[in-house]
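Here's the structure we're looking at; comments come further down.
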Amino acid sequence: VEVKAPQNYLVCDPIEFEVDKAYDWENPIVITAEDENVMGKLQLIKSDEETGEPVEGAEFNIVAAEDIVTGDGSLQAAKGDIVDTITTGKDGIAESKKLYLGSYIAKEVKAPSGYVLNQEEYAFELTYKDQNTKIVYSDLEVKNKPTTIIVTKKVKGKDKVLEGVKYNIWNVGMESDVDPNFAFKETYTTDENGQIKLQYLEPGVYKLQEKETLPGYVLDDSVHS
């Protein structure tokens, strides 16, 4: 019965053996005890920076932050190697495969539509707990900013902003080949700061056109991309 495993290993199961004859030093009974490496997993939670809601579809690479070497001296991953790629689900959670203990970095490589790619690198470590814990976990919580575009309406040549001006805004990809003037157009109105705040836009080209202005001002019906 193994009573103490080496660092980073699990204690092996008890080994039964039978002495059925006499043995000597030249021909002993040989018993092999195999200890498994303790492994680790990353659990990453992705949420919206503004709403706190889970974010689905964010893709991360997990990179070795150092040479990952096991107790037998074997190199399992060199510093800089990508050891896994994970993607968040509907609950905003992504879990890595089993990884050898050591230091790693999680880096977002693909943001979901409507979000800005997070450029920060998140360091984490998978550390040995004890000889009876098969899997250890490290948790990361990462937030994503939604893509944000702000349209500001000002009086020409002045710093004065205009509240209540209405714009049609639409995605060029929604335009019809038969009738380019036809597209699903959302109407937005400038706020007290003269602004329209657009968020969570799908990738693409957008157009905006003034639909309704204020009394005393000339309607600018030109289309801006």
>> Between V172 and I169, is there shared hydrophobic-cluster membership here, with clusters defined by ILVMFWY side-chain heavy atoms closer than 4.5 Å?
In response: no
> Quick one: does T133's side chain have a donor or acceptor within less than 3.5 Å of a partner on I135's backbone?
Replying inline: no
> Are any non-hydrogen side-chain atoms of L117 and E108 less than 4.5 angstrom apart?
Replying inline: yes
>> With clusters defined by side-chain heavy atoms of hydrophobic residues (ILVMFWY) lying less than 4.5 Å apart, directly or transitively, does I105 cluster with V109?
In response: no
>> If hydrophobic clusters are built by linking Ile, Leu, Val, Met, Phe, Trp and Tyr wherever their side-chain heavy atoms come under 4.5 Å apart, do I196 and L201 end up in the same one?
In response: yes
>> Applying side-chain contact (heavy atoms from CB on, under 4.5 Å), can you list everything that pairs with K110, at least two apart in sequence or on another chain?
In response: E59
>> I'd like to know if the side chain of T147 and the backbone of V116 have a donor-acceptor N/O pair within less than 3.5 Å.
In response: no
>> I'd like to know whether N168 forms a side-chain hydrogen bond (donor to acceptor under 3.5 Å, both in side chains) with T187, so could you lay out the CA-CA distance, the side-chain angles of the two residues, the decisive distance to 0.1 Å, and finally the verdict.
In response: CA-CA 5 Å; N168 282 335; T187 301; 3.0 Å; yes
> Taking ILVMFWY side chains as joined if any heavy atoms are under 4.5 angstrom apart, and letting links pass through other members, which residues group with I82?
Replying inline: V63
>> Filter on ring pair (Phe, Tyr, Trp, His ring centres under 6.0 Å), then keep only pairs touching residues 57-85, sequence neighbours left out; what's left?
In response: none
>> Tell me if a side-chain donor or acceptor on Y167 pairs with a main-chain N or O of T190 at a distance below 3.5 Å.
In response: no
>> Which heavy atom of S103 sits nearest to which heavy atom of I68, and what is that distance?
In response: O-CD1, 3.9 Å
>> Less than 4.5 Å apart, side chain to side chain, heavy atoms only: is that true for Y188 and L198?
In response: yes
> T85 and N61: which non-hydrogen atoms are nearest, and at how many Å?
Replying inline: OG1-OD1, 2.9 Å
>> Please give me the minimum heavy-atom distance between D48 and P146, naming the atom from each residue.
In response: OD1-CD, 4.2 Å
>> Determine whether L42 and I62 satisfy the following criterion, side-chain contact (heavy atoms from CB on, under 4.5 Å), listing intermediate values before the conclusion.
In response: CA-CA 9 Å; L42 169 67; I62 299 176; 3.9 Å; yes
>> Within this structure, what is the CG-CD distance for the pair L162 and E192, rounded to the nearest 0.5 Å?
In response: 13.5 Å
> How many angstroms lie between NZ in K197 and CD1 in I150, if you round to the nearest 0.5 Å?
Replying inline: 6.0 Å
> Judged by atom type as modelled, is there a donor-acceptor pair below 3.5 Å linking the side chain of T213 to the main-chain atoms of V165?
Replying inline: no
> Are any side-chain N or O atoms of T152 and backbone N or O atoms of G194, one a donor and one an acceptor, separated by less than 3.5 Å?
Replying inline: no
> Would you say the side chain of E50 lies within less than 4.5 Å of the side chain of Q199, judging by non-hydrogen atoms?
Replying inline: yes
>> Applying salt bridge (Lys or Arg N to Asp or Glu O under 4.0 Å) as the test, list every pair that has at least one member in residues 120-139; sequence neighbours left out.
In response: K107-E121
>> Enumerate the ring pair (Phe, Tyr, Trp, His ring centres under 6.0 Å) contacts for residues 72-112, please, sequence neighbours excluded, ordered by first and then second residue.
In response: Y104-F124
> Taking C-beta and beyond as the side chain, do N132 and L10 meet within less than 4.5 Å on heavy atoms?
Replying inline: no
>> Do V155 and L208 sit in one hydrophobic cluster, given that two such residues count as connected whenever their side-chain heavy atoms are within less than 4.5 Å of each other, even indirectly?
In response: yes
>> Show me the pairs that pass ring pair (Phe, Tyr, Trp, His ring centres under 6.0 Å) and involve residues 200-225, at least two apart or across chains.
In response: Y115-Y200
> Which atom names give the shortest non-hydrogen contact between K166 and T189, and what distance separates them?
Replying inline: CG-OG1, 3.5 Å
> Can you tell if the side chain of Q209 reaches within under 4.5 Å of the side chain of D221, non-hydrogen atoms only?
Replying inline: yes
>> For a quick test of reading the model, state the closest non-hydrogen atom pair linking S138 to L126 and the distance between them.
In response: CB-CD2, 3.7 Å
> Are the side chains of V142 and L44 in touch, meaning some heavy atoms are under 4.5 Å apart?
Replying inline: yes
>> Strictly by salt bridge (Lys or Arg N to Asp or Glu O under 4.0 Å), give each pair with a member in residues 145-165 just once, sequence neighbours left out.
In response: K153-E210
>> Checking one residue: V69. Which other hydrophobic residues are in its cluster under the side-chain 4.5 Å linking rule?
In response: L75
> Shortest non-hydrogen contact from S96 to I86?
Replying inline: CA-CG2, 3.7 Å
> In chain order, what residues pass the side-chain contact (heavy atoms from CB on, under 4.5 Å) check against Y128, with sequence neighbours excluded?
Replying inline: Q7, N8, V38, L101, Q131
> Linking Ile, Leu, Val, Met, Phe, Trp and Tyr through side-chain heavy atoms less than 4.5 Å apart, which residues share a cluster with I45?
Replying inline: I93
> Checking D67 side chain against A78 main chain: does a donor-acceptor pair fall under 3.5 Å?
Replying inline: no
> Under 3.5 Å, side chain of D191 to main-chain N/O of Q195, donor-acceptor pair present?
Replying inline: yes
> Is there any salt bridge (Lys or Arg N to Asp or Glu O under 4.0 Å) pair reaching into residues 31-40, and which pairs are they, with sequence neighbours excluded?
Replying inline: none
Listed pairs under 3.5 Å, donor-acceptor, residues 21-30 side chains, sequence neighbours left out:
unit_1: Y23; atom_1: OH; unit_2: D20; atom_2: OD1; d: 3.2
unit_1: D24; atom_1: OD1; unit_2: E26; atom_2: N; d: 3.0
unit_1: D24; atom_1: OD1; unit_2: N27; atom_2: N; d: 2.8

> Is the backbone N or O of V83 less than 3.5 Å from a side-chain atom of D81, with the two atoms forming a donor-acceptor pair by type?
Replying inline: no
>> Could you check whether any side-chain N or O of S47 sits under 3.5 Å from a backbone N or O of E53, counting only pairs where one atom can act as donor and the other as acceptor?
In response: no
>> Assess the residue pair K41 and E95 against the criterion (salt bridge (charged side-chain N to carboxylate O under 4.0 Å, His left out)); give the C-alpha distance rounded to whole Å, side-chain angles, the decisive distance to 0.1 Å, and a yes or no.
In response: CA-CA 7 Å; K41 286 186 175 185; E95 185 173 284; 3.2 Å; yes
> Side chain of E2, backbone of V11: donor and acceptor closer than 3.5 Å?
Replying inline: no
